[in-house]
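Remarks on the structure that follows.
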2 protein chains.
Amino acid sequence: MLKNTEFTEKLRSSGLRPTKQRLKICEVLFNREKTFHFTINDLVKNISNQLNEKISLATVYNTVHAFKKKGYLKEISINSDKSYFDTNISNHHHFFDEDTNELIDCNDDSIETPNVKKNITGKKINSIEVLIKVATDNQNHN
Amino acid sequence: MLKNTEFTEKLRSSGLRPTKQRLKICEVLFNREKTFHFTINDLVKNISNQLNEKISLATVYNTVHAFKKKGYLKEISINSDKSYFDTNISNHHHFFDEDTNELIDCNDDSIETPNVKKNITGKKINSIEVLIKVATDNQNHN
DNA sequence: TCAACAGTTTAGAATTATTATAATATAGTT
DNA sequence: AACTATATTATAATAATTCTAAACTGTTGA
């Protein structure tokens, strides 16, 4: 569990001003045992539930994108109507339950990161994401 | 190159009525040498360019989703503001060029499909998608 | 400590993608 | 040719995200 001073330091060291709103967002995102997935909407709700405060939607968008840029968050590639973010920035993959729209971390090595034997010329690989879509067996029979 | 009669047959055999609009969409999507990626917007533009006709946006959405359900199209998991579809329904993976927002097929075996050693209990794996994000080396330094 | 400035926040409007709706039209069958 | 079920359409509604311009605030340097 980190304290506000530590968040302040961390933000400052990466060139982000430690504003009230950012510190609050840090608290909600990073002051917990386990990493988790969220949408912008989830986060806004969490802020109002946990801190009983309101940070404007636009600010939450700005902050999440700033944190992503600095590598404190990962955005998960999924074709959904909304964007999913992950506070787990380690190299890992995901299951997506199409019945419940639930995203499940795969932290052990049950999904191995595939080798990429050939890359696009002149480009650097920024990420390798694996998404396994699952559903109950009796779905999709129409 | 398939003819309209063949599309008619194919549609009918999968329980979809071979309406004018669907046949036209088939023509634009499947009457070509190479498979390709598109967004709904791209498709609407192609229809008006190639056939000089207009099919309503809602119909294009309906048809694309119907084709996806029947397995004639794949939706690609990517966190973008819009959905990408692929007429290549074979098992393959993608590069995504973050500089140009271009999606590139990987048809050879330079990206191998990862093994999934453990699955969610009671669920069936519907797909395994690998997305490699690339960019020029001098990006993301802010 | 304080003023100035650069960067941040805000609320609301604008934009964009997608879905819902309800009336109309049409394909396939009788 | 008429009937029925389904598809199409245009429009409205919704929902996610971005834009904008004004107000505000943290930081820096005096």
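Keep in mind that what you see is a predicted model, and the values were worked out from it rather than measured. Chain letters run A, B, ... following the sequence lines, proteins first, then strands; residues in each count from 1.
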In whole angstroms, how far is the [atom2] atom of [N] from the [atom1] atom of [X]?
X: A/Arg22; N: C/dT9; atom1: CZ; atom2: C1'; value: 10 Å
X: A/Glu9; N: D/dT27; atom1: CD; atom2: C1'; value: 17 Å
X: A/Asn101; N: D/dA15; atom1: CG; atom2: P; value: 15 Å
X: B/Arg17; N: D/dA7; atom1: CZ; atom2: P; value: 6 Å
X: B/Asp81; N: C/dA14; atom1: CG; atom2: C1'; value: 15 Å
X: A/Tyr84; N: D/dT17; atom1: OH; atom2: P; value: 10 Å
X: B/Lys82; N: C/dT15; atom1: NZ; atom2: P; value: 15 Å
X: B/Leu11; N: C/dG28; atom1: CG; atom2: C1'; value: 15 Å

Is any side-chain heavy atom of A/His65 closer than 4.5 Å to a side-chain heavy atom of A/Tyr61?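 Heavy-atom side-chain distance check passes, below 4.5 Å.
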Any side-chain heavy-atom pair of B/Leu11 and B/Arg22 under 4.5 Å: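 Yes, close enough: below the 4.5 Å cut-off.
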At a heavy-atom distance below 4.0 Å, what parts of residues 53-65 of chain B sit against DNA chain D? B/Ile55, B/Ser56, B/Ala58, B/Thr59, B/Asn62
Does OP1 or OP2 of [N] have a side-chain N or O of [X] closer than 4.0 Å?
X: A/Arg12; N: D/dT27; value: yes
X: A/Thr19; N: C/dT9; value: yes
X: A/Gln21; N: D/dT25; value: no

By the 4.0 Å heavy-atom rule, please label A/Ser83 as base, sugar-phosphate, or nothing.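 The answer is sugar-phosphate, as A/Ser83 gets under 4.0 Å only of primed atoms, P, OP1 or OP2.
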Heavy-atom donor-acceptor pair, B/Arg12 side chain to B/Pro18 backbone, under 3.5 Å: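 Absent.
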Within a radius of less than 6.0 Å around CD of A/Glu9, do more than 12 heavy atoms belonging to other residues, nucleotides or ligands occur?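 For A/Glu9, atom CD is not crowded (no more than 12 foreign heavy atoms under 6.0 Å).
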Counting heavy atoms not belonging to B/Lys118, are there more than 12 under 6.0 Å from its NZ?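 Counting other residues, nucleotides and ligands, NZ of B/Lys118 stays at 12 neighbours or fewer.
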Which residue, A/His94, A/His93, A/Lys34, forms the side-chain hydrogen bond (donor to acceptor under 3.5 Å, both in side chains) with A/Asp105?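 Looking at A/His94, A/His93, A/Lys34, the match for A/Asp105 under the side-chain hydrogen bond (donor to acceptor under 3.5 Å, both in side chains) is A/His94.
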Validate the cation-pi geometry between B/Lys74 and B/Phe67: distance from NZ or CZ to the six-membered ring centre under 6.0 Å, angle to the ring axis within 45°.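 The answer is no; the distance or angle limit is not met.
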Any chance you could pull the hydrophobic cluster mates of B/Ile89, using side-chain heavy atoms under 4.5 angstrom and chaining through other members?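 Same cluster as B/Ile89: nobody, lone residue.
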Note down the inter-axis angle between the two ends of the helix from C/dT1-D/dA30 to C/dT30-D/dA1, five pairs each, to the nearest 10°. 30°
Connected via hydrophobic side-chain network under 4.5 Å: B/Phe36 and B/Phe7: yes
